Each structure stands twice: as C-alpha cells, then as structure tokens.
Amino acid sequence: MGHLDQLDEAVLATLFAQSAVGLVVLDPQLRLVRANSLVEGVETGEFIGRRFTEVFRLDDPDGAEQIMKRVLAGEGPIRDHLVRGRLRQVPGDREFLVSSYRIDGSRIGLGGSGDGGPADPPALGLLTAVVDVTERERARARESTLAAVRDAVGGSLDVAATCRAFSDALVPGFADLAVIEVVDDVLRGADPPVGPLPPDTPLCRAASGRCAAVRDAVEADRGPGARRARAGVTRRLPARTPYALAVTDLRPRLVAIGPDTPWLDADPDGAGAVAQAGAHSLIVVPLTLRGAVLGLVSLYRCAAAEPFDEDDVTLATSAATRAALAVDNARRYEREHVIASTVQRRLLPQAERQQAAVETAHILLPGRDSGRWFDAIALSGARTALVVGGVEGEGLQSAIAMGQLRTVIQALAGLDLEPEEVLARLKDTADRLAGERAALPPDDSLHGEPLSAGCVYAVYDPFTRTCTVARAGHPAPLIVGPEGRTVDLDVPEGPGLFSADSALFAPATVTLEEGSLLAFCTAELLSGDRAVERITRTLARPGRSLRQLGDDIVYALPDDTRSAGAALLLARTGTVSEHRVATWDLAQDRATPATARVLVRDRLQGWGLDEDTVDATELIVSELVTNAVRYGTPPLRLRLLLDSALTCEVHDGSTAAPHLRHARTVDEGGRGLFIVSRLASHWGARHGPDGKVLWTEQELSSDDFEPSRPPSPPG
C-alpha cells in the first residue's frame, strides 16, 4: 500500500471515528456496508447488509429510495433532506436530515469522466450523512405553535370563539386532542373566582379539537352508550384527579396515562374518553390570571405520538397564559355587553301602550349594538308619534347615549312640535352631548370614538288619516295598504344626529287608508338583497296579527343580520270611533261659552261620566272657549274625545300662544289657564297652518264612567 493509499485510509478512518454526524456507506442496492458509531446497531453489526430505509425505519421508504437512486444515477447529490423515522432503542418518532453523495469509481482510477455519462462505470455506492434533528424540529414546532396561538387567539371578543381559536392553534400541531373548559359563570361575564377553585364549581366545555386520527378512532370505537365530546357540556371536576389538582394549586401537570393509572377510577367519563382516543400522555394547565381561575386546558397525545415532555409543559403554560388574557378580555366585553343590554331594555318601553287609533307591536333583536330604541308616544288629539332610532356602537356608552336621546325625544314630543322640528332640536341636543364627550380627558371611560346615530319620527292623525314623517340618517318606514298594495313615501333624508352636517330636515306627508301597516326598521333589517321586497311581501299577508307579522319578518332574516341587533316597530292605523268623539263649530260671540257648557254637560252625561268629571270639564271648556272668543279669531271649534282619558280641544284661527300666569289678588282676570291647569292632568297648545289648538286631558278611572255601557252616539 502506497503512501497516498495509507493517507486516504487514515483520513477515512478518522472521519468515521470522529465525525459529529452519522456516516453510512451504502452499496448500489442501498444496503448498509459501513457506518460509524453514531448509527444505531453498528457495534453489534446487525444492520450490515440491511437496506437504509430499514435501518432508520423511515415513514416513507419508497420516497427516500427514489431520491437516493437519482443520486446513484448521477443527477447530483442531495443535501439536508428531512425525513421521519424511528430508532429501535429510542422511543418515539425521530426526524433526520439526510445528505447523500455518489461514490464515483473514476476518482480512484477506474476510468470514465465521473459525470455520470454512458462512458462512466457504475457507481460504487453512496456516502450518506444522517443528522438527528428531532430536538431542533421539536423546538421549531413549539415556536410555530406559540406563533399560531399569538396570531389566532385574541382576535375575538367572544369567550367561546376565543377558546375555539385556541384549540385550533394547538391541534394537530402540538396535541392530538385538546379540551378547553371555562368556569360556567365566566362565560356570562362574571368575575372569575380566586384560586383555589371551589370543588363544586361547574366548568363548561367551551371548545374541543381532535386530530383526524383520533376522530377516526373515536368514531370507530363509539358504542351506543358513548358520550360524545362536544362544546356546551358542563361538569364538576372529580376529586383526586390531575384536573382538580391543577385548579387547586394553580400549577400544570404532566401525566402519563396507562391501563393502571389510578386516578382514572375517580373519573369514569374521562377514562372512557381517554380509552376511546387512545391517549397516553396528558398535560393539564389551569387558565389563570392574577390568581383567579378562568378555566382549564387539557391536552392529550394519542397512539404513536411522542409523549409530552417538560419542554412541552413550558410551551403549554405560555400558551395558556396568552389564552387566559384573551378569555378575560372577552369576559370583560361580555360583562359590559350584558350590562349594556340590561340598561337598554330598562330604558325601553316595558309593555305595549294602547293608543287611541293605532295598534302597535315591536321586536327588539339582541346583538352587538346596544343602542337601538323604539317608541309609540300618545300625543294630544288622539295622535300618535312613532319613533325608531339607533346609536351605532357596542357597549354601555351606546346604551347610555340611546337613553339620553330617547328621553329628549319624549320630552320634545310632549311639546306638540312638527316632526322636522322635533328632529332639529334632537340634533341640537346630540351636538351638545358630542361636545361634552369630546371635552372629557382621554383617560375617562366616556371618552371614546365619535358617536353616530339615526332616527325616524312620524306622527299619525286619525281624524285626517295623515302620517307626517321626518328622518335623520335613518331609513324611512315601509307602508302597505289594507289591500296589500305598497304605498310610496318619499321622505328626504336628513343629517345623522351626531354628524357635522347642518342641513335642514324636511317632512313628507301621506294620507293612509284605515288598516294600513307601517314598518319602522333599523338599517340592519333592510340590508341584503331584496330586503325591502321581502318585508313588504310579509306585511301584505292577510289575517295576521302584528305580532305574527313581526315574527315572520324575523324568521326570514339572513343569519348575519341578527348578530348586530335590530329594532322593528309595526303600526296598524285606525280611526276614532264616532261614538267616542263629539265636535261642534261655535260662533265667535260672548254667548258662546254658555252654549259650550250646555253642549259639554249633555254629551258627558250621555257618555255616563260621573258628576265631578262633568263639572270639572264644564269649567275647563268654559275657560278655554272664553279665551278663544276674547283673544282668538274664527273659526272656533270645540271637540271632546273619550278614551282612557277625556280630551277637550278648542281650536281658533289665531297663532298667538297663551301662557299660564298667576293672577294677583286684586286682578279681575288672568286666572283662566291657572284654573285649567289645576283641573286637568295635562294641558298644552299645538299650532298648525290654520291656527292653534288649546287642549286638556283628564285621567279617567273605571269609577268615572260605566265601562259596560257603550257611549251614546252624538245627538
């Protein structure tokens, strides 16, 4: 052997003895010829002559051999090819980086060019380097899992959705089976209990996830009595189990599961689920935040998967910390949403109010937005104001703003203003509220995003059968006549209530037939294709009550409409019964008050009202008619309206507004309206294009008249 041959042999021996990676020499049939000590089984020689894929027990032997054969054919080496396999003496799956190089005979003088061409002799074999990168890949997988948790968890303000995202981030990359349980009260926004968790505290399964292999195994093994793992199941943690211990000392647990695991007897349901899934390794991590327990995370590895180790416990703990923050954030939002929804419902009408000539029904759909409101307000003269509005946004601040606007619009309605005037003054109030909100310091809880709101306000008069509508950044009502025909109503759109637009509000008036239907909808109900057509078609169904029509409209809504919340107010128009109203045209002279007293007494006695009410009404009418004769202009008209209250109206052609004064002792007059205000429950004045109306209302009880006796027709 020459000097160079000795040098080559020494180099080869040194390389095989001291290399930090496994070295394998394969013959052209990919059988092991030589290997260094880092390759399992070299000392015993048991793998000599075995195929490479058998030595490393590769998951995809055919694919690996195809790649090596291309190297043998001279297509070039492969470097750092990642394969998965197993070793006999090391449990679990392993991952290897494989690099293979063709051993070319031309390099030792056997002829050929060495480029793999036809003139080259066959390759002598392969020199293959194998590096076990299992730990490195596991570390990468852990980093990838944490990145998935950071990206997926925290994007929702729903506790259940947050838990589902957490489960999806863990399965199947980190665990084969994941179960996320949350303290039942926390799901509804309550404060989490401080650890240790009381033993009988119910936990609700908020989310669970299974890899495909576990899912198939469970489905194949499920018997008639098997309990299906599903969200919404509530349980109390059995004592003397890893689950109970984890929420007692608030520390994670790494548990090996086998047939003889003692604590499984204390949890029969859990033992059955573990057996079905083939789980052999468990990590239990409490969901905690600042010492409070929000829930529990249970992670399993099943079948041939590598058991969890302490590094996996560290990862699971970090991931659970992230998830706990997201769950608590969603819980706080849920709590605020519950409070806002409660405030919203308390600020809205608590029962349907019967109106003189309008039947109404409403539906309020709960959702993210808590600023929707509706109202049916009784006005003087048997008129009714119909209102629907909404403040955009979620949370308590939207509900508070809604309550403020609703209170203002109720006060404005009592002033007998026209719809466009009501909205103009409502917008002035909204502008002031927005200015006060903007002036708050940034750290104040009321300081936030600018508010946005809309409102539609309509007044129906049963005597003229007219409906006057104005709107502020809100859809106009939909109207369907009694025969099912759609009634067109073009209402100019005014600016939103909190907008900077200073445009004026313009009303629109339509005359309606008795029995017409009006639908006041928030914008959510009118979104989507053919929404208007769908609602008007529903309103045209004959023989349906308002409640049934409202339900039918909701049934047909797309699913995404209901998530935001919406309000719907339905109204069916009517007229005042001629037996409950009396109208007289009076002369503009000094004898008219006496005539009016006689007419009123006769009519009220015909309606069966008690004498005290008759006397009081006679005095009220006398004062109102006297005021109209003295200070008003023709035409002069008196009207009585009997409903739940007794209304007296005196109309004259003057636009001068009367005002209440307290007369001095020496004054001979000036006490008329003061007397009226003492005798009536409510009084006021409203103006129109042909003059003004002074009106009063007197509350009536069942003792004031005989309910069983129908009112007599006017004589």
Side-chain angles (χ1 to χ4, degrees), residues 354-358 378-384 416 461-465 514 574-632 634-653 658 672-673 675-686 688 690-715:
Q354 185 175 3
Q355 308 297 328
V358 173
L379 303 179
S380 63
R383 297 171 307 137
T384 302
D416 284 317
D461 188 334
F463 292 105
T464 61
R465 292 188 289 107
E514 183 179 355
T575 58
V576 178
S577 170
E578 62 180 8
H579 302 302
R580 289 181 174 268
V581 63
T583 305
W584 299 278
D585 290 324
L586 303 176
Q588 193 82 11
D589 59 46
R590 299 176 63 180
T592 298
T595 303
R597 289 194 295 271
V598 173
L599 294 172
V600 166
R601 173 170 288 276
D602 180 63
R603 172 53 48 224
L604 297 187
Q605 289 177 342
W607 281 343
L609 298 183
D610 65 79
E611 194 63 26
D612 289 341
T613 302
V614 173
D615 291 341
T617 307
E618 187 178 358
L619 183 54
I620 288 173
V621 168
S622 178
E623 294 295 340
L624 294 181
V625 172
T626 299
N627 185 82
V629 169
R630 182 175 299 178
Y631 304 109
L636 177 59
R637 185 179 304 112
L638 169 63
R639 181 164 65 190
L640 298 180
L641 172 63
L642 178 64
D643 196 59
S644 58
L646 176 63
T647 302
C648 303
E649 295 182 344
V650 175
H651 171 275
D652 72 84
L673 288 182
I675 295 174
V676 168
S677 68
R678 292 298 181 181
L679 294 174
S681 304
H682 309 282
W683 74 279
R686 67 175 183 269
D690 56 348
K692 69 175 183 297
V693 175
L694 289 179
W695 59 268
T696 65
E697 283 186 359
Q698 297 163 262
E699 299 292 342
L700 299 178
S701 65
S702 57
D703 296 332
D704 294 328
F705 65 100
E706 301 175 21
S708 59
R709 178 184 176 185
S712 303

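The basis for the numbers below is simple: all heavy atoms, side chains too, and nothing from hydrogens, waters or symmetry mates. Quantities reported herein were computed from a predicted structural model and do not represent experimental measurements.
- With contacts defined as side-chain heavy-atom distances shorter than 4.5 Å, the pair W695/L624 does not qualify.
- S677 and W683 get closest at one heavy-atom pair: CB-NE1, 3.6 Å.
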Verdict with supporting geometry, V600 and L638, side chain to side chain contact (heavy atoms under 4.5 Å, CB included): CA-CA 9 Å; V600 166; L638 169 63; 3.8 Å; yes
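- Here the straight-line distance linking atom CZ of R580 with atom CG of L640 works out to 13.5 Å at 0.5 Å rounding.
- Considering all non-hydrogen atoms of both residues, G574 and E514 come closest at CA-CG, 3.8 Å.
- Heavy atoms only, all atoms of each residue included: A587 and L636 are closest at O-CD2, 3.7 Å.
- Residues A357 and P462 approach most closely at CB-CB, 3.3 Å, considering heavy atoms.
- Considering every non-hydrogen atom in both C648 and Q698, the closest pair reads SG-OE1, 4.1 Å.
- Note that the OG1 atom of T583 and the CZ atom of R639 stand 5.5 Å from one another [nearest 0.5 Å].
- Note on R601 versus E611: salt bridge recorded, some NZ/NE/NH1/NH2 to OD/OE distance being below 4.0 Å.
- Residues T595 and W584 fail the side-chain proximity criterion, which asks for heavy atoms closer than 4.5 Å.
- Between L642 and L700, the closest side-chain pair of non-hydrogen atoms falls below 4.5 Å.
- Atom CZ of R597 is separated from atom OG1 of T592 by 11.0 Å, given to the nearest 0.5 angstrom.
- Here the side chains of V650 and N627 are not in contact, with every heavy-atom distance at 4.5 Å or above.
- Taken from CG in D652 to CD in Q588, the straight-line distance is 7.0 Å, to the nearest 0.5 Å.
- Using a 4.5 Å heavy-atom cutoff, the side chains of V625 and V629 are in contact.
- Across K692, R686, R383, a single residue satisfies side-chain hydrogen bond (donor to acceptor under 3.5 Å, both in side chains) together with D416, and that is R383.
- Minimum interatomic distance between L646 and T617 (heavy atoms only, all atoms of both residues): CD2-OG1, 3.4 Å.
- The main-chain N or O of E618 is never found under 3.5 Å from a side-chain atom of S622 such that the two would form a donor-acceptor pair.
- L679 contributes atom CG, which lies 11.0 Å from atom CG of D612 (distance to the nearest 0.5 angstrom).
- A 4.5 Å side-chain heavy-atom check between L586 and L599 finds at least one atom pair inside the cut-off.
- The CD atom of E649 sits 10.0 Å away from the CZ atom of R637 when rounded to the nearest 0.5 Å.
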